[in-house]
Trainee: 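Have a look at the structure that comes next, please.
Protein chains get the first letters and strands the later ones, always in sequence-line order, with residue 1 at the start of each.
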Number of protein chains: 2
Amino acid sequence: MATRIQQKNTAAILEAALDVFSTNGFRGSTVDQIARAAGLSKPNLLYYFPSKEAIHTALLDGLLEAWLDPLRALDEAGEPLSEIVGYVRRKLEMSRDFPRESRLFANEIIQGAPRIAPYLSGELKTLVDEKSRVIRRWVADGKIAPVDPYHLFFSIWALTQHYADFNVQVHAVLGSEDIDPYPDAEAHLELMFTRLLRP
Amino acid sequence: MATRIQQKNTAAILEAALDVFSTNGFRGSTVDQIARAAGLSKPNLLYYFPSKEAIHTALLDGLLEAWLDPLRALDEAGEPLSEIVGYVRRKLEMSRDFPRESRLFANEIIQGAPRIAPYLSGELKTLVDEKSRVIRRWVADGKIAPVDPYHLFFSIWALTQHYADFNVQVHAVLGSEDIDPYPDAEAHLELMFTRLLRP
DNA sequence: GTCGGTTTTGACCTGTTGGTCAAAACAGGA
DNA sequence: TCCTGTTTTGACCAACAGGTCAAAACCGAC
């Protein structure tokens with residue numbers, strides 16, 4: 001249905017918008033900014049998306065879907081500790097490979113989640129509830145040390161997303177733009193959760 | 001020097017601005033919004049602060065000072081594990097008692113720290129470098145388990161600030177606006193760092 | 001090449017925003 | 001009470017932002 005030009009331009013717009021929205025927030029971004037970054041004129045951009053809001057929504061919709069995948073992959077049948085550490089690793093990889101998406105999400109939540117509150121208390125909560133039961137079962141079976149499953153998940157999110165959302169601070173404190181904090185971060189997080197959960 | 005009226009109004013403005021900036025970011029906030037929240041007219045507000053930028057700067061300056069205090073209190077002469085757990089506890093209390101300040105800071109960092117980059121690689125880095133040496137000494141003396149000091153601090157910041165910055169998500173996932181997540185959070189974090197650092 | 005649909009653009013409109021200014025209202029001490 | 005400095009305000013401005021529109025440019029099938 002969509003022509004080649006349409007595909008190319010909508011992709012360019014979403015790419016540019018991700019850049020702009022993730023560093024300036026929704027209200028802090030302008031349509032002109034996005035248009036320039038996408039190499040289009042403002043009216044031309046508005047030919048592809050009816051409004052600034054629509055671009056933002058399109059980005060969020062795409063993001064929220066992908067956001068849950070790593071947690072979905074947490075397998076009750078697997079070896080508990082390595083399942084959880086694997087989840088941590090996947091989340092950290094997402095932080096490294098998609099930092100703009102992480103910041104887009106963070107911006108949204110910090111500002112009170114005006115547009116994604118239903119998602120949080122809907123899909124997200126449902127999935128977390130479900131996986132929390134898995135964690136509890138593992139604890140009950142003595143396969144991992146006792147832990148509050150909800151705060152376990154909060155910890156994982158906080159720790160992994162920190163490296164994307166606060167990367168400016170991480171680099172400033174480490175003292176060099178050039179070193180890659182992720183290898184050390186991965187080792188550190190693996191250590192943390194292993195020590196926490198080892199029965 | 002300042003009259004009673006001046007004191008009252010500048011205080012009201014800063015209080016209102018903290019509310020507005022922390023939930024909307026700098027560009028997302030308007031002077032009118034702040035003025036209304038402070039119970040003043042816009043020109044009246046601009047009689048006390050020369051510009052929107054000036055209000056924001058005043059807030060950040062006040063914040064950055066207080067931000068370092070809990071870390072400064074980390075005492076090399078104390079008992080290592082309880083010093084670190086104490087630091088975690090202080091940071092978590094700040095998250096609970098000053099969530100708007102935390103979000104103001106988070107907004108700033110996420111958006112690339114345009115106005116506080118010097119602080120990050122200056123005062124903050126200096127202090128972290130210093131305290132990292134303390135951590136390393138504790139590790140070398142076998143008083144705590146081996147750990148990367150920088151990533152230890154990142155972990156503490158990420159975990160504690162998460163409860164302020166992402167509190168909407170925390171409450172959505174926990175399922176009720178009314179329960180206070182902090183008691184459980186504190187227990188969880190104490191457990192985490194104890195298990196991580198116990199020699 | 002021509003023709004229909006697609007894509008692009010310049011000009012424009014409306015509401016908002018940060019900020020100014022001169023004048024009015026309001027202290028409160030002499 | 002009056003007088004001087006402080007505080008407050010309504011009216012205003014220029015820049016900017018989101019969005020519209022009609023016309024122009026462009027494309028690919030015939």
Trainee: Measure the acute angle between the ring planes of H56(A) and F21(A), then classify it against the limits of 30° and 60° as parallel, tilted or perpendicular.
Mentor: perpendicular

Trainee: Might you work through the ring-ring contact (aromatic ring centres under 6.0 Å, His included) test for H151(A) and Y163(B), ending with a clear yes or no?
Mentor: CA-CA 10 Å; H151(A) 290 270; Y163(B) 289 95; 5.6 Å; yes

Trainee: For residues 10-22 of chain B, which residues have at least one heavy atom under 4.0 Å from DNA chain C?
Mentor: none

Trainee: Phosphate oxygens OP1/OP2 of dT7(D): is one of them under 4.0 Å from a side-chain N or O of Q6(B)?
Mentor: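 So the side chain of Q6(B) is within the cut-off, an N or O lying under 4.0 Å from OP1 or OP2 of dT7(D).
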
Trainee: The criterion is salt bridge (charged side-chain N to carboxylate O under 4.0 Å, His left out); which residues satisfy it with R90(B), sequence neighbours excluded?
Mentor: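 Counting only residues at least two positions away or on another chain, R90(B) forms no salt bridge (charged side-chain N to carboxylate O under 4.0 Å, His left out).
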
Trainee: Start with the C-alpha distance between K125(B) and D129(B), add both sets of side-chain angles, then the distance that settles salt bridge (charged side-chain N to carboxylate O under 4.0 Å, His left out), and finish with yes or no.
Mentor: CA-CA 6 Å; K125(B) 175 170 169 41; D129(B) 283 343; 2.9 Å; yes

Trainee: Distance check needed: dC26(C) P versus I5(B) CD1, whole Å only.
Mentor: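 Between P of dC26(C) and CD1 of I5(B): 12 Å.
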
Trainee: Enumerate the residue pairs fulfilling salt bridge (Lys or Arg N to Asp or Glu O under 4.0 Å) with a member in residues 136-147 of chain A, sequence neighbours excluded, ordered by first and then second residue.
Mentor: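 Sorted pair list: E76(A)-R137(A).
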
Trainee: What is the distance, to the nearest angstrom, from the CG atom on L40(B) to the P atom on dC26(C)?
Mentor: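 Checked: the CG to P distance equals 16 Å.
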
Trainee: Hey, does the side chain of N44(A) come within less than 4.0 Å of dT9(C)'s phosphate (OP1/OP2), counting only N and O?
Mentor: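 Yes, N44(A) has a side-chain N/O under 4.0 Å of OP1/OP2 on dT9(C).
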
Trainee: Between C1' on dG19(C) and CD1 on I55(B), what's the gap in Å once rounded to a whole number?
Mentor: 12 Å

Trainee: What nitrogen or oxygen pairs link the protein and nucleotides 18-22 of chain D at under 3.5 Å?
Mentor:
| residue | atom | partner | partner atom | Å |
| --- | --- | --- | --- | --- |
| dG18(D) | OP1 | S29(A) | O | 3.3 |
| dG18(D) | OP1 | K52(A) | NZ | 2.9 |
| dG18(D) | OP2 | V31(A) | N | 2.9 |
| dG18(D) | N7 | K42(A) | NZ | 2.8 |
| dG19(D) | OP2 | K52(A) | N | 2.9 |
| dG19(D) | N7 | K42(A) | NZ | 3.4 |
| dG19(D) | O6 | K42(A) | NZ | 3.2 |

Trainee: What's Y48(A) touching, base or sugar-phosphate or nothing? Going by heavy atoms closer than 4.0 Å.
Mentor: sugar-phosphate

Trainee: Throw together a table of side-chain donor-acceptor distances under 3.5 angstrom for residues 38-48 of chain B, partners on residues two or more places apart or in other chains.
Mentor:
| residue | atom | partner | partner atom | Å |
| --- | --- | --- | --- | --- |
| S41(B) | OG | N44(B) | N | 3.3 |
| Y48(B) | OH | N9(B) | ND2 | 2.9 |

Trainee: Looking at N9(B), I'd like to know whether one of its side-chain N or O atoms comes within less than 4.0 Å of OP1 or OP2 on dT8(D).
Mentor: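 Looking at the OP1 and OP2 atoms of dT8(D), one of them is under 4.0 Å from a side-chain N or O of N9(B).
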
Trainee: Starting at atom NZ of K8(B), determine the distance to atom C1' of dT6(D), rounded to an integer number of angstrom.
Mentor: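 Nearest whole value for this atom pair: 14 Å.
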
Trainee: Could you give the side-chain donor-acceptor pairs of residues 65-72 of chain B under 3.5 Å, partners two or more places apart or in another chain?
Mentor:
| residue | atom | partner | partner atom | Å |
| --- | --- | --- | --- | --- |
| D69(B) | OD1 | R72(B) | NH1 | 2.9 |

Trainee: Is NZ or CZ of K52(B) both nearer than 6.0 Å to the six-membered ring centre of F26(B) and within 45° of the ring axis?
Mentor: yes

Trainee: Rounded off to whole Å, could you give me the CZ-to-C1' distance for the R36(B) and dT9(D) pair?
Mentor: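 My rounded result for the distance is 16 Å.
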
Trainee: When you check the gap from the basic side-chain N to the acidic O, do K131(B) and E83(B) get nearer than 4.0 Å?
Mentor: no

Trainee: With a 4.0 Å limit, can you tell me whether S41(A) has a side-chain N or O closer than that to the phosphate oxygens OP1/OP2 of dT9(C)?
Mentor: yes

Trainee: For dT8(C), does either OP1 or OP2 sit under 4.0 Å from a side-chain N or O belonging to Y47(A)?
Mentor: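 So the side chain of Y47(A) is outside the cut-off, no N or O lying under 4.0 Å from OP1 or OP2 of dT8(C).
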
